[in-house]
Amino acid sequence: MNVLDFSKRKAANHPISMVTCYDCWSARVLNDTEIDTLLVGDSLAMVMHGFDSTVHATVEMMVLHVSAVRRGAPDKFVVGDMPFLSVRKGTAFAMDSVQELMRAGSNAVKIEGEAGHLDLMAHVVESGVPVMGHLGLTPQSVEAFGGHKVQGRNEGQAAQILESAKRLEQAGCFALVLECIPAELGRLVTREIGIPTIGIGAGPHTDGQVLVLQDMLGMSPCFKPKFLRHYADGHGMIEAAVNRFHQDIGSRAFPARAECYG
Ligand code: KIV
């Protein structure tokens, strides 16, 4: 998959699959899967570092995780998130951050929102860096939204999201993440713009879907927002394996003779 394939997939009505990935060992596994693209999302601040929101992600953290993912998944298209406020501190800071993310191994960067930094997004595109947009529930604005809430439920908000999507397409974004919006709005935006939409909690009509890897693997069984499907009981599987190891140590069943050096 390369950046040009995204629009081809929309034209062919062939859905795009994306999962988040933050580290080298899961990147190695994902490199062997059919998944189309990996997102080193700033959600790593929550999933990998235990913070309560993505505002804690820094450029330094993103670069470290992007480079780990690139080493583990040399064959995948990797999108690196521009973290909290990195596009609001002036062009020089933003471009330095883009440069670091690209040098770490990103094929593209993702930037949340558009109001107030649309020109900057166009500048990044014109500099030869593919940009993925992100509208709807943009988690870096969680405090302004008063929590992680579905966006675009009323007509005014929905119209704003649609207009923003059109502006992002005009600015040169190659794809757009739509997060936590009503399915009808997901359908409308997808129909009205020429670039592919990738939804998370945006219904079935988007041109692709993305989930956080640990969420879809069921690593936190109690975390089950409406849009999430668990594809495995990752928590239970690891818990059972580690408990078996613990018990084998206690009973001296591990290591066996075949696991010892002569
Ligand atoms: O950071 C992230 O994981 C994301 C996805 C939820 C789209 O932006």
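When a ligand or atom number is given, it counts from 1 through the structure's own listing order. The structure presented is a predicted model; accordingly, all values stated were derived computationally and were not measured. The analysis underlying the following values was restricted to heavy atoms, covering all of them including side chains, and did not include hydrogens, waters or symmetry mates.
Counting atoms of ligand 1 from 1 in the listed order, those under 4.0 Å from a heavy atom of Thr20 are 3 (O). Below 4.0 Å from some heavy atom of Ile200 lie the following atoms of ligand 1, by number and element: 6 (C). Annotation for ligand 1: atoms under 4.0 Å from non-hydrogen atoms of His134 are 8 (O). Listed by number with element, the atoms of ligand 1 under 4.0 Å from a non-hydrogen atom of Gly41 are 1 (O), 2 (C), 3 (O).
Among residues two or more places apart in sequence or in another chain, the salt bridge (Lys or Arg N to Asp or Glu O under 4.0 Å) test is passed with Lys166 by Glu163. Applying the side chain to side chain donor-acceptor pair (under 3.5 Å) test to Ser43 and every residue at least two apart in sequence or in another chain returns Tyr22.
Among protein heavy atoms, atom 3 (O) of ligand 1 sits closest to Ser43 OG, 2.5 Å. Shortest contact from atom 8 (O) of ligand 1 to any protein heavy atom: Lys110 NZ, 2.9 Å. Scanning the protein for heavy atoms near atom 4 (C) of ligand 1, the closest one is Leu39 CD2, 3.6 Å.
The shortest non-hydrogen separation linking Ile193 to Leu176 is CD1-CD2, 3.8 Å.
Remark: the Ser164 side chain and the Glu114 side chain contain an N/O donor-acceptor pair separated by less than 3.5 Å. Under 3.5 Å, the side chains of His230 and His235 contain no donor-acceptor pair of N or O atoms.
Salt bridge absent: Lys110 and Asp42 never bring a charged side-chain N and a carboxylate O closer than 4.0 Å.
Using the six-membered ring where Trp is involved, Phe245 and Phe254 have ring planes that are perpendicular, over 60° apart on the 30 and 60° scheme.
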For side chain to side chain donor-acceptor pair (under 3.5 Å), just list the numbers for His117 and His123, CA-CA rounded to whole Å, side-chain angles, deciding distance to a tenth of an Å, and then say yes or no.
-> CA-CA 10 Å; His117 53 263; His123 180 62; over 6 Å; no
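When non-hydrogen atoms are compared, ligand 1 lies under 4.0 Å from neither the backbone nor the side chain of Glu112. If you look at Leu44 next to ligand 1, there are no close heavy atoms at all, none under 4.0 Å.
Distances between N or O atoms of Asp42 and those of ligand 1 include at least one value under 3.5 Å. Residue Asp81 has at least one N or O atom closer than 3.5 Å to an N or O atom of ligand 1.
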